[in-house]
Amino acid sequence: MKANKFKILSLLLAILLSWSCQELIDLDLEQSEPKLVIEGKLINEQSFQKVKISESLNYYDTAGMPPFTQAEVSLLDSDYNLIEEFVYYNEDSVYKSNSPIELTVGEEYILHIEAKGELLEAKGKILENATLDSLYYLSAEELQSLGQPTFGEGFFMFVSGELNNEGIEYFKLDVTVNDTLRNSRGALSNSVLTSEFFGKKFQALPVPGTFEKEDSVALELYTLNEDVYQYYVEFINLLFNDGGVFSPPPVNPKTNIKNITNPENEPLGFIQFSSIQRRNIIIEPKD
């Protein structure tokens, strides 16, 4: 009995000593020069096209990324003719086209950004979007009656259609439910698509997630150039990297924005050139 008491006291003493020896250490990390962070989505809709430019932060900075307001942004055609200049708007911290413009399907475009004495350039083509023939939903009970597996309760949505370009195509499907975009890392992972997995004609392609009665669902299907698709894939891999011994070292996704002046100093981020398809539906189960 005395031996057991001695072991318990020794264990408690060891725990107390370990607590008393803990010390928080702030690593003296090297402070790097801020890099430009550029995000843009240019589409084939008559709208104010937008580009956001910020500056990166160092590890211990807790404030949000500061906007970079001294850039000159312009949209060019494939022959480098000026189409539109962009103006910075303080109220939403973005650069917008001077007027609403619509990019043309089948055309290639160049976005020029002059910042910090350097010229940056992103190129992309507006690809023809898929043809969506039908969008529908089934309840879990209806799927089970058809002999199909279900993963959870509620309603499941499906889309059928056909692709319109040769070769492999890439897409991003944004799902907004009751005015809230589903943008968790799992939702993002499921939103980036390649036709390698569903072919030229697709039937009953599942829309990620489950839905509830009276949900108002908005779908936005964007075409992607391959370089932007690869950016999303690398970004998703980074989100799921747990930093363990078997995980690859984290690296920034490869940008599609080139630094013409100083190729070694590429910015962070990407410019997405897309055509877009929109569909809206309300879950109204049959009585």
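Owing to the predicted nature of the structure, the values given are computational and were not obtained by experimental measurement.
Other residues, nucleotides and ligands contribute at most 12 non-hydrogen atoms within 6.0 Å of the NZ atom of K201. With a 6.0 Å radius and a threshold of 12 heavy atoms from other residues, nucleotides or ligands, E91 has its CD atom above the threshold.
A distance of 8.0 Å separates NZ in K41 from CD1 in I43, rounded to the nearest 0.5 Å. One distance of note links CG of N280 with CG of L135; it measures 9.5 Å at 0.5 Å rounding. Between L82 atom CG and D77 atom CG the span is 9.0 Å, to the nearest 0.5 Å.
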> K50 and Y95: side-chain contact (heavy atoms from CB on, under 4.5 Å), yes or no, with the steps?
Replying inline: CA-CA 6 Å; K50 300 176 183 179; Y95 292 83; over 6 Å; no
> Could you walk me through whether E153 and E141 pass the side-chain contact (heavy atoms from CB on, under 4.5 Å) check?
Replying inline: CA-CA 9 Å; E153 300 297 324; E141 292 77 11; 4.1 Å; yes
> Are Y170 and Y232 close enough, and set up right, to give a ring pair (Phe, Tyr, Trp, His ring centres under 6.0 Å), and what steps lead you there?
Replying inline: CA-CA 11 Å; Y170 307 97; Y232 277 118; over 10 Å; no
>> Quick one, L119 with H112, criterion side-chain contact (heavy atoms from CB on, under 4.5 Å). Give me CA distance, side-chain angles, the key distance, then yes/no.
In response: CA-CA 7 Å; L119 175 61; H112 263 191; 3.9 Å; yes
> Which is it for L163 and F171 under the side-chain contact (heavy atoms from CB on, under 4.5 Å) test, yes or no, and what are the steps along the way?
Replying inline: CA-CA 11 Å; L163 304 181; F171 300 91; 3.7 Å; yes
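Residues K116 and E33 are not paired through a salt bridge, judged by the lack of any N-O separation under 4.0 Å between the basic side chain and the carboxylate. The residues R278 and E220 are annotated as salt-bridged, a charged nitrogen and a carboxylate oxygen being separated by less than 4.0 angstrom. With respect to the salt-bridge test (charged N to carboxylate O, under 4.0 angstrom), the residues K96 and E85 do not qualify. A salt bridge is defined here as a Lys NZ or Arg NE, NH1 or NH2 lying under 4.0 Å from an Asp or Glu carboxylate O, and E266 with K254 meets this definition.
Put simply, the side chain of N183 does not reach to within 4.5 Å of the side chain of D174, judged on heavy atoms. Counting only heavy atoms from C-beta outward, the side chains of S189 and F240 approach each other to under 4.5 Å. Considering only heavy atoms from C-beta on, L221 comes within 4.5 Å of L132 through its side chain. Inter-residue side-chain proximity for K35 and N265 is flagged as met; some heavy-atom pair is nearer than 4.5 Å. Using a 4.5 Å heavy-atom threshold, the side chains of E72 and F86 count as separate. Counting heavy atoms from C-beta outward, L188 and K172 have side chains that approach closer than 4.5 Å. With contacts defined as side-chain heavy-atom distances shorter than 4.5 Å, the pair P34/S56 qualifies. Using a 4.5 Å heavy-atom threshold, the side chains of L181 and V175 count as separate.
Pairing each heavy atom of Y136 with each of A204, the nearest pair is OH-CB, 3.4 Å.
In this pair, Y231 and F270 present their aromatic rings tilted. The plane angle is within the 30 to 60° band.
For the residue pair T223/S274, the side-chain donor-acceptor check at 3.5 Å is not satisfied. Side-chain N/O atoms of N256 and K123 include no donor and acceptor closer than 3.5 Å. A donor atom on one side chain and an acceptor atom on the other are found under 3.5 Å apart for D215 and N178. S99 and E84 share a donor-acceptor pair across their side chains, judged by distance under 3.5 Å alone. Between the side chains of Y80 and E121, a donor-acceptor pair is found at a separation under 3.5 Å.
Relative to the ring axis of F158, R279 does not place its NZ or CZ within 45° and under 6.0 Å from the centre.
Evaluated for a side chain to side chain contact (heavy atoms under 4.5 Å, CB included) with M157, the options L205, T210, L219 yield exactly one hit, L219.
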